[in-house]
Peer 1: 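Quick one: the structure is below, questions incoming.
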Amino acid sequence: MRQIQRTVHGSVAWFEMVGTLLCEAAAKADLPASLDISLVERYRDGAALPGGLVQGLRFNIVGGVPSFRVGAGADEGGDITVEVTAAASQVLNSLYAADPDFVAALARFQRDGALRIDGDPGRLGPWFAAVHDAIVERTK
């Protein structure tokens, strides 16, 4: 049985794992060469990272080619911008997408303001939502 390496939630290594999974899934999705879209996700209360960034990541698809950078600017935006508290992210990344507690937590965090999403993540395609469970499997 294959053992999956787990990475501490919110660490630089964790954001690298998330970005790598996103890039791998996007590359397998046979994206159109005309697709240009960006996603910025940052912890509203995140720790400072080098270069004036905070905990988070920027994920880009340019010309159908995915890439990412660990860290996000405090005011940086993308076509899709997600601002979340570290605590809300921890909860969401510990629950599989099919778990009713995930759906309830997602709604509660959006209602309470712990999670704000500007833009439509659905624009990335179905492969994007499928990455969530792989992240959960690799998060400790």
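Worth saying up front: this structure is predicted, and the values here are computed from it rather than measured.
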Peer 1: Tell me the closest heavy-atom pair linking Pro121 and Gly119, and the distance in Å.
Peer 2: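 Nearest heavy atoms, Pro121 then Gly119: CD-O, 3.4 Å.
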Peer 1: Would you mind listing every ring-ring contact (aromatic ring centres under 6.0 Å, His included) that reaches into residues 74-109, with sequence neighbours excluded?
Peer 2: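 Residue pairs with at least one partner in residues 74-109: Phe102-His132.
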Peer 1: Decide whether Val136 and Leu106 are clustered together by the hydrophobic rule: side chain heavy atoms of Ile, Leu, Val, Met, Phe, Trp, Tyr closer than 4.5 Å, transitively.
Peer 2: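 No, Val136 does not connect to Leu106 through the hydrophobic network.
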Peer 1: Please check if Val84 and Val12 belong to a single hydrophobic cluster, counting links between Ile, Leu, Val, Met, Phe, Trp and Tyr side chain heavy atoms closer than 4.5 Å.
Peer 2: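 Yes, Val84 and Val12 fall within the same hydrophobic cluster.
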Peer 1: Can you name the closest pair of heavy atoms from Ala114 and Ala88 and give their distance?
Peer 2: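 Looks like CB-CB, 4.0 Å.
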Peer 1: Quick check for you: to the nearest 0.5 Å, what is the distance between Phe15 atom CZ and Thr7 atom OG1?
Peer 2: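 The CZ atom of Phe15 sits 12.0 Å away from the OG1 atom of Thr7.
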Peer 1: Can you measure from CG (Leu57) to CG (Leu49) and round to the nearest 0.5 angstrom?
Peer 2: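 So the CG of Leu57 and the CG of Leu49 are separated by 11.0 Å.
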Peer 1: CD1 of Ile61 to CZ of Phe128: how many Å apart, nearest 0.5 Å?
Peer 2: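 Those atoms lie 9.5 Å apart.
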Peer 1: According to the salt bridge (charged side-chain N to carboxylate O under 4.0 Å, His left out) rule, which pairs have a member within residues 20-35, sequence neighbours left out?
Peer 2: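 Matches after skipping sequence neighbours: none remain.
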Peer 1: What's the shortest heavy-atom distance between Thr139 and Met17, and which atoms?
Peer 2: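 Of all heavy-atom pairs spanning Thr139 and Met17, the closest is OG1-CE, 4.1 Å.
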Peer 1: Can you pull out every salt bridge (charged side-chain N to carboxylate O under 4.0 Å, His left out) where at least one residue sits in residues 41-59? Sequence neighbours excluded, please.
Peer 2: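 Counting only pairs at least two positions apart or across chains, the salt bridge (charged side-chain N to carboxylate O under 4.0 Å, His left out) contacts touching residues 41-59 are Arg42-Glu83, Arg58-Glu76.
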Peer 1: I'd like to know whether CG of Asp112 has more than 12 heavy-atom contacts from other residues, nucleotides or ligands below 6.0 angstrom.
Peer 2: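 Result for CG/Asp112: enclosed.
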Peer 1: With Leu39, which of Asp79, Val82, Asn60 fulfils side-chain contact (heavy atoms from CB on, under 4.5 Å)?
Peer 2: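 Looking at Asp79, Val82, Asn60, the match for Leu39 under the side-chain contact (heavy atoms from CB on, under 4.5 Å) is Val82.
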Peer 1: Identify, with sequence neighbours excluded, every residue that meets side chain to side chain donor-acceptor pair (under 3.5 Å) alongside Asp118.
Peer 2: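 By the side chain to side chain donor-acceptor pair (under 3.5 Å) rule, Asp118 matches Arg116.
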Peer 1: For residues 96-108, pull every pair meeting salt bridge (charged side-chain N to carboxylate O under 4.0 Å, His left out), keeping only residues two or more places apart or in separate chains.
Peer 2: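 Counting only pairs at least two positions apart or across chains, no salt bridge (charged side-chain N to carboxylate O under 4.0 Å, His left out) contact touches residues 96-108.
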Peer 1: If we only count heavy atoms from C-beta on, is the Trp127 to Leu22 side-chain gap below 4.5 Å?
Peer 2: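 A side-chain contact under 4.5 Å exists here.
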Peer 1: Between Phe68 and Trp14, is there a shared hydrophobic cluster once you connect ILVMFWY residues whose side-chain heavy atoms come closer than 4.5 Å?
Peer 2: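 Same hydrophobic cluster.
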Peer 1: Could you state the interatomic distance from OG (Ser94) to CD1 (Ile135), rounded to the nearest 0.5 Å?
Peer 2: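 Going from the OG atom of Ser94 to the CD1 atom of Ile135 covers 12.5 Å.
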Peer 1: Measure the spacing between OG of Ser11 and NZ of Lys140 and express it to the nearest 0.5 Å.
Peer 2: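 Atom-to-atom, Ser11:OG and Lys140:NZ are 9.0 Å apart.
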Peer 1: Looking at Val91 and Ala105, what are the two nearest heavy atoms and their distance?
Peer 2: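 It is CG1-CB, 4.2 Å.
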Peer 1: Under the side chain to side chain donor-acceptor pair (under 3.5 Å) rule, collect the residues that match up with Thr85, sequence neighbours excluded.
Peer 2: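 Testing Thr85 for side chain to side chain donor-acceptor pair (under 3.5 Å), a comparison that skips the adjacent residues, returns none.
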Peer 1: So, for Ile4 and Arg138, which heavy atoms are closest and what is the spacing to 0.1 Å?
Peer 2: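 Heavy atoms only, the tightest pair is CG2-CG, 3.3 Å.
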Peer 1: Transitively linked via ILVMFWY side-chain contacts under 4.5 Å: Val65 with Val40?
Peer 2: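 Val65 does not cluster with Val40.
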Peer 1: About how many Å separate CG of Leu124 and CG of Leu31, when rounded to the nearest 0.5 Å?
Peer 2: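 It is 9.0 Å, given to the nearest 0.5 Å.
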Peer 1: Could you go through the side-chain contact (heavy atoms from CB on, under 4.5 Å) check for Val54 and Tyr43 one step at a time?
Peer 2: CA-CA 7 Å; Val54 296; Tyr43 291 176; over 6 Å; no
